[in-house]
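We use all heavy atoms of the structure for the numbers below, so side chains are in, but hydrogens, waters and symmetry mates are not. Just so we're clear, the structure is a prediction, and the values are computed from it rather than from any experiment. Below, chain A is the first sequence line, B the second, and so on; all start at residue 1.
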Amino acid sequence: MIDRNDPKMKNSGYFEKVYEIVRLVPAGRVTTYGRIAAMTGYPARSQVVGWALHCNPYQGDVPCHRIVDRNGRLSESYVFGGVGVQRDLLEKEGICFNEEGRIDLDKYQWK
DNA sequence: CTTTTGACTGAGT
DNA sequence: AACTCAGCCAAAA
């Protein structure tokens with residue numbers, strides 16, 4: 001639930017939409033930045049989606065660890081304790097990584 | 001105010 | 001497969 005009185009709530013609408021979609025991703029599923037961007041109606045804004053999650057004022061509510069890049073690879077610039085932490089969280093949700101440390105998108109990507 | 005940076009992607013080399 | 005370039009746009013410097 002988004003509290004519009006929260007001082008951190010300075011988004012300009014678009015961020016809000018991104019958070020709303022990410023929050024809908026169920027446990028055991030992942031999605032990509034581009035996919036989220038497409039769902040907001042602007043497929044070309046994948047970079048902005050990444051920026052939105054970088055700010056991620058709803059880190060407690062938004063499962064940002066379920067977002068991966070288009071290759072099913074975790075973002076190296078993830079700043080939540082490192083990719084190791086993100087990977088651990090995903091494995092606890094039942095998501096398996098292959099030897100390259102990537103996720104099988106055909107199997108886990110949320111649609 | 002202008003310029004750079006960045007949790008990205010897709011096409012081209 | 002690895003690298004470059006272009007496009008997208010909000011925040012930070």
- [ ] Find the distance A:Gln86:CD to B:dA7:P and express it as a whole number of Å.
- [x] 13 Å
Open item on the list: What does the B/S/- profile of nucleotides 1-6 of chain C look like, 5' to 3', with a 4.0 Å heavy-atom cutoff to protein?
Closed with: ------
- [ ] Quickly work out the A:Arg35 CZ to B:dC8 P distance and round it to whole Å.
- [x] 16 Å
- [ ] Name the closest nucleotide to the A:Cys64 side chain, picking from C:dA10, B:dA7, B:dG10.
- [x] B:dA7
Task: Backbone of A:Tyr14 reached by a side-chain donor or acceptor of A:Tyr19 within 3.5 Å - done: no
Task: Which atom of A:Ala37 lies closest to which atom of A:Ser46, heavy atoms considered - done: CB-N, 3.7 Å
TODO: Figure out the CD1/P separation between A:Ile36 and B:dA7, and round it to whole Å.
DONE: 15 Å
TODO: Calculate the interatomic distance between A:Leu90 atom CG and B:dA7 atom P; express it in whole Å.
DONE: 18 Å
- [ ] Find the distance A:Leu105:CG to B:dT9:P and express it as a whole number of Å.
- [x] 10 Å
- [ ] Round to a whole Å and report the spacing from OH of A:Tyr33 to P of B:dG10.
- [x] 14 Å
Please list, one pair per line, the donor and acceptor atoms closer than 3.5 Å that link side chains of residues 94-107 of chain A to other protein atoms, with sequence neighbours excluded.
from: A:Asn98; atom 1: OD1; to: A:Glu100; atom 2: N; distance (Å): 2.9
from: A:Asn98; atom 1: OD1; to: A:Gly101; atom 2: N; distance (Å): 3.1
from: A:Asn98; atom 1: OD1; to: A:Arg102; atom 2: N; distance (Å): 2.9
from: A:Glu100; atom 1: OE1; to: A:Arg102; atom 2: NE; distance (Å): 3.0
from: A:Glu100; atom 1: OE1; to: A:Arg102; atom 2: NH2; distance (Å): 3.2
from: A:Asp104; atom 1: OD1; to: A:Asp106; atom 2: N; distance (Å): 3.1
from: A:Asp104; atom 1: OD1; to: A:Lys107; atom 2: N; distance (Å): 3.4

TODO: Starting from the 5' end of DNA chain B, give me the residue, A:Trp51 or A:Thr32, whose nearest nucleotide shows up first.
DONE: A:Trp51
Task: A:Glu91 CD to A:Gln86 CD distance, which is reported to the nearest 0.5 Å - done: 11.0 Å
Open item on the list: For the CZ atom of A:Arg23 and the CG atom of A:Asp61, what is their distance to the nearest 0.5 Å?
Closed with: 6.5 Å
Task: A:Arg35 atom CZ, over 12 foreign heavy atoms within 6.0 Å - done: no
Open item on the list: Please list, in numerical order, the residues of residues 39-47 of chain A that have a heavy atom closer than 4.0 Å to any atom of DNA chain B.
Closed with: A:Ser46, A:Gln47
- [ ] Could you pull out the closest heavy-atom pair between A:Cys64 and A:Asn56, with the gap in Å?
- [x] SG-ND2, 3.2 Å
TODO: Could you walk me through whether A:Tyr33 and A:Val68 pass the side chain to side chain contact (heavy atoms under 4.5 Å, CB included) test, one step at a time?
DONE: CA-CA 7 Å; A:Tyr33 300 94; A:Val68 299; 5.7 Å; no
Task: Distance test, side-chain N/O of A:Ser75 to OP1/OP2 of B:dA7, below 4.0 Å - done: no
Task: Distance between C1' atoms of C:dC8 and B:dC1 (Å, rounded) - done: 22 Å
Open item on the list: Taking the minimum atom-to-atom distance to the side chain of A:Arg70, which one of B:dA7, B:dT9, C:dA10 wins?
Closed with: B:dT9
Open item on the list: Using atom P in both nucleotides, what's the gap between B:dT4 and C:dC5 to the nearest angstrom?
Closed with: 16 Å
TODO: Rounded to the nearest angstrom, tell me the gap between atom CD1 in A:Ile67 and atom P in B:dG6.
DONE: 21 Å
Task: Spacing of CZ belonging to A:Arg70 relative to OG1 belonging to A:Thr32, to within rounding of 0.5 Å - done: 10.0 Å
TODO: Whole angstrom is fine here: how far is it from CG in A:Leu53 over to C1' in B:dC8?
DONE: 11 Å
Task: Flag side-chain contact, heavy atom, 4.5 Å: A:Trp51 against A:Val18 - done: no
Task: Proximal nucleotide (of B:dA7, C:dC9, C:dA11) relative to the A:Asn56 side chain - done: B:dA7
